[in-house]
Student: 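Here it is: the structure, laid out below.
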2 protein chains.
Amino acid sequence: MSEQQQEQRPDLPLDVFAAFCPSREVFAELADKWSLLILASLHRLGEQRFSELQRSVSGVSRKMLTQSVRTLERDGLVLRTVHPEVPPRVVYGLLPLGRGLAERVVTIGDWVEANSPAVIAARAGFDEGRGTACEVA
Amino acid sequence: MSEQQQEQRPDLPLDVFAAFCPSREVFAELADKWSLLILASLHRLGEQRFSELQRSVSGVSRKMLTQSVRTLERDGLVLRTVHPEVPPRVVYGLLPLGRGLAERVVTIGDWVEANSPAVIAARAGFDEGRGTACEVA
DNA sequence: CTGCATCCTAGTCGATACTG
DNA sequence: CAGTATCGACTAGGATGCAG
């Protein structure tokens, strides 16, 4: 396995399907449930404090939230604002760059909410066709 | 339609942000890079054989491809067609349900390809502002 | 060609405790 | 309140090898 592929020429279009394209790395980093849910939550509810975010994205641990939000901040998608008060107040909000992505992520969330009954039904049918088919035939 | 596995009352909308909600499980299952890339690839290139898919989604191992594609099939998003020939020929294609999702996933991929330069630039700036104070290499 | 089974490492993730 | 640090369980996921 080679280790260096950073050599990206400007004339080559970025391609998420290419394993060694920088855009693939960006895609892979964003394509996890916590990052996507955080983006969607910030888009839906607007600026939120750390604890608010942890509540709105139900189930996320502090560690994962910290880590994901850090990555998003580093990538220029999210703005982290620290208010020098006591107790400390830290607010996270979408930057323009992040908003563009978040809008698209939200459509995925909407799709899932609208179609998960169909997905679950399909699953049931799939599993059923497996377990009993052997018996019947 | 047969009864649902999960008791879903109409007055309780599915919510991907809720840790306990069935739709969250569906969301979490789809929110990984291989599933998303496979959906996007099937949308972009149409029906593909196993090996074609492995080539178009560069970097995926046979194991992960098999596993992801199977999950997508189970969820009713992808149709797996086995042609009884020798050597065997298996073709994967999007079902209507999957196409709806894939269309939205593609917009994420497009966004990443269009904006990863900005993301990478933001990263550089972020990292610079952190550690570079002591190292100007 | 497709895909399953096995092994095995390395990273993920949660829980807990601690700091500023 | 908002993190950081550490540990440990877990599993994602790659590398074979084999079978249909």
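Below, chain A is the first sequence line, B the second, and so on; all start at residue 1. Being a predicted model, the structure only gives us computed values, none of them experimental.
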Student: Tell me the interatomic distance from B/L65, atom CG, to C/dC4, atom C1', rounded to whole angstroms.
Tutor: 14 Å

Student: A/L53 CG to D/dG3 C1': how many Å, rounded?
Tutor: 14 Å

Student: Send over the distance from A/I38 CD1 to C/dC13 P, rounded to a whole Å.
Tutor: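 These atoms are roughly 11 Å apart.
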
Student: When the distance from CD of A/Q54 to C1' of D/dC1 is rounded to whole Å, what number comes out?
Tutor: 11 Å

Student: Expressed in angstrom and rounded to an integer, what is the separation of A/Q48 atom CD from D/dG3 atom C1'?
Tutor: 18 Å

Student: Return the 5'-most residue of the pair B/V82, A/Q67 with respect to DNA chain C, ranking by each residue's nearest nucleotide.
Tutor: B/V82

Student: Could you check how far CG of B/D32 sits from P of D/dA12, rounded to whole Å?
Tutor: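 It works out to 10 Å between those atoms.
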
Student: Is B/R80 close enough to C/dG3 that one of its side-chain N or O atoms is under 4.0 Å from OP1 or OP2 there?
Tutor: yes

Student: What one-letter contact string describes nucleotides 15-20 of chain C from 5' to 3', where B marks a base within less than 4.0 Å of any protein heavy atom, S marks contact via sugar-phosphate atoms alone, and - marks no contact?
Tutor: BBB--B

Student: From C-beta outward on A/M64, which listed nucleotide comes closest to its side chain: C/dC13, C/dC1, D/dC1?
Tutor: C/dC13

Student: Is a salt bridge present between A/E29 and B/R123, judged by a nitrogen-to-oxygen distance below 4.0 Å?
Tutor: yes

Student: List the steps and the verdict of side chain to side chain contact (heavy atoms under 4.5 Å, CB included) for B/I108 and A/L101.
Tutor: CA-CA 7 Å; B/I108 303 265; A/L101 176 58; 4.1 Å; yes

Student: So which residues get pulled into A/L79's cluster when ILVMFWY side chains under 4.5 Å apart are joined, directly or through others?
Tutor: A/L95

Student: Please determine whether a side-chain nitrogen or oxygen atom of A/Y92 lies at a distance below 4.0 Å from atom OP1 or OP2 of D/dC1.
Tutor: no

Student: Could you tell me if the side chain of B/F27 sits less than 4.5 Å from the side chain of A/K33, heavy atoms only?
Tutor: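 They are in contact (side-chain heavy atoms under 4.5 Å apart), so the answer is yes.
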
Student: Would you find a donor on one side and an acceptor on the other, under 3.5 Å apart, between the side chain of B/S58 and the backbone of A/A19?
Tutor: yes

Student: Does C/dT2 have OP1 or OP2 under 4.0 Å away from a side-chain N or O of B/R49?
Tutor: yes

Student: Please pick, from D/dT4, C/dC13, D/dG13, the nucleotide with the shortest atom-to-atom distance to any side-chain atom of A/R70.
Tutor: D/dT4

Student: Less than 4.5 Å apart, side chain to side chain, heavy atoms only: is that true for B/T66 and B/F50?
Tutor: yes

Student: Please determine whether side-chain hydrogen bond (donor to acceptor under 3.5 Å, both in side chains) holds for the pair A/D32 and A/S35, giving the CA-CA distance in whole Å, both sets of side-chain angles, and the decisive distance to 0.1 Å.
Tutor: CA-CA 6 Å; A/D32 81 291; A/S35 296; 2.6 Å; yes

